[in-house]
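Notes follow the structure.
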There are 2 protein chains.
Amino acid sequence: MVVDTDRVFHALADATRRDILSRVIRSGQSVSELARAYPMSFAAVQKHVAVLEQAALVSKTRRGREQIVTGEVEALRRVSLLLDEYEEIWRQRAARIERILQEDEQA
Amino acid sequence: MVVDTDRVFHALADATRRDILSRVIRSGQSVSELARAYPMSFAAVQKHVAVLEQAALVSKTRRGREQIVTGEVEALRRVSLLLDEYEEIWRQRAARIERILQEDEQA
DNA sequence: CTAACGTACAACCACATGGTTGTAGATACG
DNA sequence: CGTATCTACAACCATGTGGTTGTACGTTAG
């Protein structure tokens, strides 16, 4: 079962896609503008954009014959929060261990 | 060129691996303890652990004949910070746009 | 010592991924 | 209008991924 989180992390697991994301977060760009920036075919870039789109990290809006790709910062926030949750679990565990150590010291 | 960030995100792009990570962050577990928790072969779980290890999200330490897997919270922090950077880029952009709009209003 | 356990790793398979080229449909420009 | 541009998508290929089974080896228990 491929969940949403899978798609987001998978989308981010490629340097080209991360670069595309940082570009379109700064300011929207058409697919062909993006394509010109990388040493690969238009179709390849188009596929990368599609992966980012499936993960809801970017969205596309028509402007004439162009398709403008824009960054969706909300999805990024969600992932970041998810990682913070993992960190929180670890923090709690560390606190628990520390508490046990202190109890031992008092005994 | 596969960079370190690729490996980390790829490691996190699988529900089983994220689950393993959350388990071993709570407390270290042997590979076979982990293997018993999932409906797949020992070898499959072993591979998942290897992927997490390559991404430096977990580490292994011998304890007798067992191999204890432990979560490496530092790597998580690095990824979280990386995502925060993307968010920061967007925040700056939003601030820039707002400034422009205010300038227009004054004119 | 022998048997059981925990691990490592190779070989194999089905399927996904990242790339290519080619074709075709909209839309804008001269 | 015709033509160039931007996009979409299918077909194809090499390689990677997630799973399997089987074998081998070190370590512990009896």
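Just so you know, these numbers use all the heavy atoms, side chains as well, and skip hydrogens, waters and symmetry mates. Small disclaimer: the values here were computed from a predicted structure and weren't measured. Order of the sequence lines sets the chain letters (A, B, ...), proteins ahead of strands, with each chain counted from 1.
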Can you identify which nucleotide, out of D/dA8, C/dT20, D/dT27, has its nearest atom closest to the A/Met40 side chain?
C/dT20
Enter the distance from A/Arg7:CZ to A/Thr5:OG1 here, rounded to the nearest 0.5 Å.
9.5 Å
I want to verify a distance call: between C/dT27, C/dG6, D/dG18, whose nearest atom is closest to the B/His48 side chain?
D/dG18
Approximate separation, where rounding is to 0.5 Å, of A/Glu72 CD and A/Arg77 CZ
14.0 Å
Among D/dT20, D/dT7, C/dG6, which is the nearest nucleotide to the side chain of B/Ser32?
C/dG6
A/Arg18/A/Asp14 ion pair, N-O < 4.0 Å
no
Just compare D/dC6, C/dC9, C/dA8 and give me whichever is closest to any side-chain atom of B/Gln67.
C/dA8
A/Gln67 (side chain) donor-acceptor with A/Arg62 (main chain) under 3.5 angstrom
yes
Measuring from the side chain of A/Lys60 (C-beta onward, heavy atoms only), which nucleotide among D/dA8, C/dT7, C/dC29 has the closest atom?
D/dA8
Tell me, do A/Asp4 and A/Arg78 make a side-chain contact under 4.5 Å, heavy atoms counted?
yes
Round to the nearest Å and state the distance from B/Glu66 atom CD to D/dA29 atom C1'.
13 Å
Would you mind classifying the nucleic acid contact of B/Ser30 as base, sugar-phosphate or nothing, using non-hydrogen atoms under 4.0 angstrom?
sugar-phosphate
Nearest whole Å is fine: how far is D/dG18 C1' from B/Asp19 CG?
17 Å
Side-chain N or O of A/Ser41 closer than 4.0 Å to phosphate OP1/OP2 of C/dG19
no
When you compare the protein's N or O atoms with those of nucleotides 11-17 of chain C, which come within less than 3.5 Å of each other, and at what distance?
none

Are OP1 or OP2 of D/dT7 and a side-chain N or O of A/Gln46 less than 4.0 angstrom apart?
no
Residue A/Arg62, side-chain heavy atoms: nucleotide from D/dT7, C/dT20, D/dT5 that is nearest:
D/dT7
Need one value for B/Ala43: base, sugar-phosphate or nothing, where a base atom within 4.0 Å counts as base even if backbone is also close, heavy atoms only.
base
